[in-house]
Amino acid sequence: MRKTCIFSGSSHPQLVEAICERLGAKPAKVDLGKFACGETRVEIHTSVRDQDVFIVQSGSSQINDNVMELLIMINACKGGSARTITAVMPYFPYSRQSKRKMHRGAITARMLANQLNVAGVSHVITIDLHASQMQGFFQCPVDNLVAEPLLAKWLKANVDEWWETVVVSKNPGGTKRVTSLADALKLSFGIVTTDRRRPYVSHSMYNSVVFESLGADGITDHRGSEADAEHAVRRVDGESRDHIAPLELDFAHRHTSTRAGGDHLESAGRRRPSAVRASTAAMAPAIRNRLAHSSSDTSSSPLSRSTYMDSVGGEEEPIVSEIPVDPTLRRAGTALGIGQPPLDEDGYEEPAGDDDSDERARDVITGRLIQGHIVDDDDATSPSNWSTRSGSNGVQNGYPGSRSSEDEPLPEPMTESFMSVASAHSRMAPPRYGLGGTGDATASDEEEEEALKDPDVESTVTLVGNVRGKPVLIVDDMIDKAGSWIAAAETVVKRGGATKVICMATHGLFGNDSLRELDMCDEITSIVVTDAFPIPEEKRQCTNKLVVLDVSSLLAEAIRRNHYGESISQLYQHFT
């Protein structure tokens, strides 16, 4: 190609040579090095005046040096009066830091895009950005190529009965990428999600009480606080139960007349039905009294009475005072938003037919993960049998603060209510969501991997989709750590009944010993990546499962079409 210069950075010279070989050109001469102090040195030995310059520089293990080297090369070509400067970055560095996950956090990907613009870049070509919205960070055109056609071509050529394959996402964030491949190949797809179980509140929180009552005007009611404190002291000393006269009422509806100052209860000494007692037995006396008097006590508020965590789920306690019941109350036939079942001519519900069964419910499978591996449901090594979930060192049952494995866990809604009343959630743990209150603001591969490796945390894994007796293709944009990949592979094989698992991604980062860990997983048969990110030769030789696809043809065609002003839309289409 005339009036074209293709420069190679130090990150991936083999890829640049393959691109130039397909284009029938040679890499332009450039001298890259470092000064004695560690500064990057770049010297351009080819004339770039009025030339279309393409600088191929991908991320690598020396990613900071690669970024600085690319910026200096762009600025050097701009100073040499190049007509256009295109940065070809198969793997865009810092692409995972494309959003703010906490206050005082940095959107590093946007910062790098601004640095490229200041250096003088006029076009960017990359492959499979971690988030496609990152294209809005740049002030120049961006061609975000996809490796999906290459991966689909390998699947058709190397997997027997590939049309039976199920494409699975190892986390909800990769659903869009998975559904794109599944729709292109007319395949079924599934999702694997992991969720850490909520840790128990420490024992010190069970005996703590917030003595705070609010008046009708929103000002703290000190008299209510003192009454709550006295009530708590009586409970600790065992005096409260001795002075409570049990009174059980019948909440069955009666046709009684309403009289001014009259009693709505015909027989206060009758016992309540067992269903009603069971429904209120888990409530503290203060809560039941507050619910009973909510219609007449206008000065009450959600914080007017304290909630005692040790009374939740405890033994049944009698009601302190008489509860006025409105005779006009009726039990609702069904919850709001739920329609009544159809009735036949006799007034009874119609029998369920063959069309009423939901086959989709069978495609949802759950399992338990401990240290990133699937365990049996009756495995006694679960952290749920330990005394505490957070900050514990395995205290045995019987020690103060421990909970027996036979004790039922506290209901989550009641626990959350207590935490909101006590206002202790913000002091004990960081907020669950990041800025904006969205779940994806804090989701990251690093946090997921750390949770899977934590021996004190048990995770619940859920598989949505039918994979029984079928090969599974787990797809994502990059493979950095092995924990989530191994957990998803074990889930689809041990819980879902899949025949084999193929891990497929565009960028094979393989941090630390992740490639060796993936090779040791018996459920994984193949690991397919592209050479967009350079993989050292020593890592390639440590496994027989690794398959590296060449993207030089894709990048070479993108460079040729950009130089001649042709459309690149055909590069996104699947080919045979």
Side-chain angles (χ1 to χ4, degrees), residues 11-15 17-18 58-63 90-91 96 127-128 130 147-148 150-160 162 165-171 174 177-178 181 192 369 371-374 445-446 448-450 452-453 467 470-494 496 498-552 554:
S11 63
H12 206 336
Q14 297 83 3
L15 179 62
E17 293 177 0
S58 182
S60 67
S61 57
Q62 306 294 330
I63 194 166
Y91 171 73
R96 283 179 289 186
I127 300 178
D128 280 333
H130 188 63
E148 182 179 296
L150 295 176
L151 302 178
K153 182 180 179 180
W154 181 92
L155 178 66
K156 294 179 179 180
N158 296 273
V159 178
D160 298 334
W162 60 269
T165 304
V166 180
V167 189
V168 175
S169 174
K170 68 182 182 68
N171 51 39
R177 185 176 294 103
V178 165
L181 180 60
V192 174
L369 288 176
Q371 289 186 314
H373 296 281
I374 288 288
D445 297 336
E446 294 291 335
E448 182 181 1
E449 295 289 342
E450 292 177 0
L452 291 176
K453 294 299 183 181
V467 299
K470 302 177 182 179
V472 170
L473 186 66
I474 303 178
V475 180
D476 205 351
D477 65 322
M478 65 180 67
I479 302 179
D480 189 5
K481 294 186 178 181
S484 58
W485 292 85
I486 295 176
E490 292 185 357
T491 300
V492 298
V493 173
K494 295 182 179 180
T499 57
K500 62 180 179 180
V501 177
I502 301 174
C503 296
M504 185 173 289
T506 303
H507 310 292
L509 278 63
F510 299 122
N512 299 331
D513 294 334
S514 58
L515 184 58
R516 181 182 59 83
E517 295 175 3
L518 291 172
D519 181 71
M520 295 174 60
C521 182
D522 297 334
E523 288 77 14
I524 299 176
T525 58
S526 300
I527 307 168
V528 183
V529 296
T530 68
D531 59 349
F533 189 92
I535 303 175
E537 189 64 28
E538 55 271 14
K539 285 190 176 182
R540 296 191 183 192
Q541 296 178 355
C542 70
T543 177
N544 296 325
K545 298 181 180 180
L546 182 62
V547 179
V548 181
L549 304 180
D550 186 17
V551 295
S552 61
L554 177 64

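When all heavy atoms are compared, the tightest approach of Trp162 to Leu155 is CB-O, 3.8 Å. Shortest non-hydrogen contact noted between Ser58 and Ala532 is OG-O, 2.8 Å. Taking every heavy atom of both residues into account, Leu151 and Met504 meet most closely at CB-SD, 3.3 Å. Nearest approach of Leu181 to Ala152, heavy atoms of both residues: CD1-CB, 4.1 Å. The two atoms that bring His373 and Ile486 nearest to each other are CE1-CG2, 4.0 Å, heavy atoms only. Of all the heavy atoms in Arg177 and Glu148, the pair that sits closest is O-OE1, 4.4 Å.
Under the side chain to side chain donor-acceptor pair (under 3.5 Å) criterion, Ser60 pairs with Asn66, sequence neighbours left out. For the side-chain contact (heavy atoms from CB on, under 4.5 Å) test, residues two or more places apart in sequence or in another chain that qualify with Leu554 are Ile127, Leu145, Leu571. Val547 pairs by the side-chain contact (heavy atoms from CB on, under 4.5 Å) definition with Trp154, Val528, Leu549, not counting sequence neighbours. Qualifying side-chain contact (heavy atoms from CB on, under 4.5 Å) partners for Pro13, counting only residues two or more places apart in sequence or in other chains: Ser8. Judged as a ring pair (Phe, Tyr, Trp, His ring centres under 6.0 Å), and not counting sequence neighbours, the contacts of Tyr91 are His507, Phe533. In this structure, Thr530 has no side chain to side chain donor-acceptor pair (under 3.5 Å) partners at least two apart in sequence or on a different chain. In this view, Thr506 and Asp128 satisfy the side chain to side chain donor-acceptor pair (under 3.5 Å) rule, not counting sequence neighbours. The side chain to side chain donor-acceptor pair (under 3.5 Å) test applied to Glu523 returns no partner, not counting sequence neighbours. The side-chain contact (heavy atoms from CB on, under 4.5 Å) test applied to Gln541 returns Glu537, not counting sequence neighbours.
Distance check: Gln14 CD to Asp531 CG gives 9.5 Å after rounding to the nearest 0.5 Å. In this structure, OG on Ser484 lies 7.5 Å from CG on Asp476, to the nearest 0.5 angstrom. The distance from atom CD1 of Ile63 to atom CG of Leu509, rounded to the nearest 0.5 Å, is 7.5 Å. For the atom pair NZ (Lys170) and SG (Cys503), the distance works out to 9.5 Å, reported to the nearest 0.5 Å. Atom OG of Ser61 sits about 12.0 Å away from atom CD1 of Ile535, to the nearest 0.5 Å. A distance of 11.0 Å separates OG of Ser514 from CH2 of Trp485, quoted to the nearest 0.5 Å.
Taking 4.5 Å as the limit, some side-chain heavy atom of Leu15 sits within range of a side-chain heavy atom of Val551. Taking 4.5 Å as the limit, some side-chain heavy atom of Ile527 sits within range of a side-chain heavy atom of Phe510.
Of the residues listed (Leu518, Ile474, Leu515), the one engaging Ile479 in a side-chain contact (heavy atoms from CB on, under 4.5 Å) is Leu518, and it is the only one.
Counting only residues at least two apart or in different chains, salt bridge (Lys or Arg N to Asp or Glu O under 4.0 Å) contacts with residues 509-520 comprise Asp513-Arg516.
Put simply, the side chain of Thr525 gets close to the backbone of Val501: a donor and an acceptor are under 3.5 Å apart.
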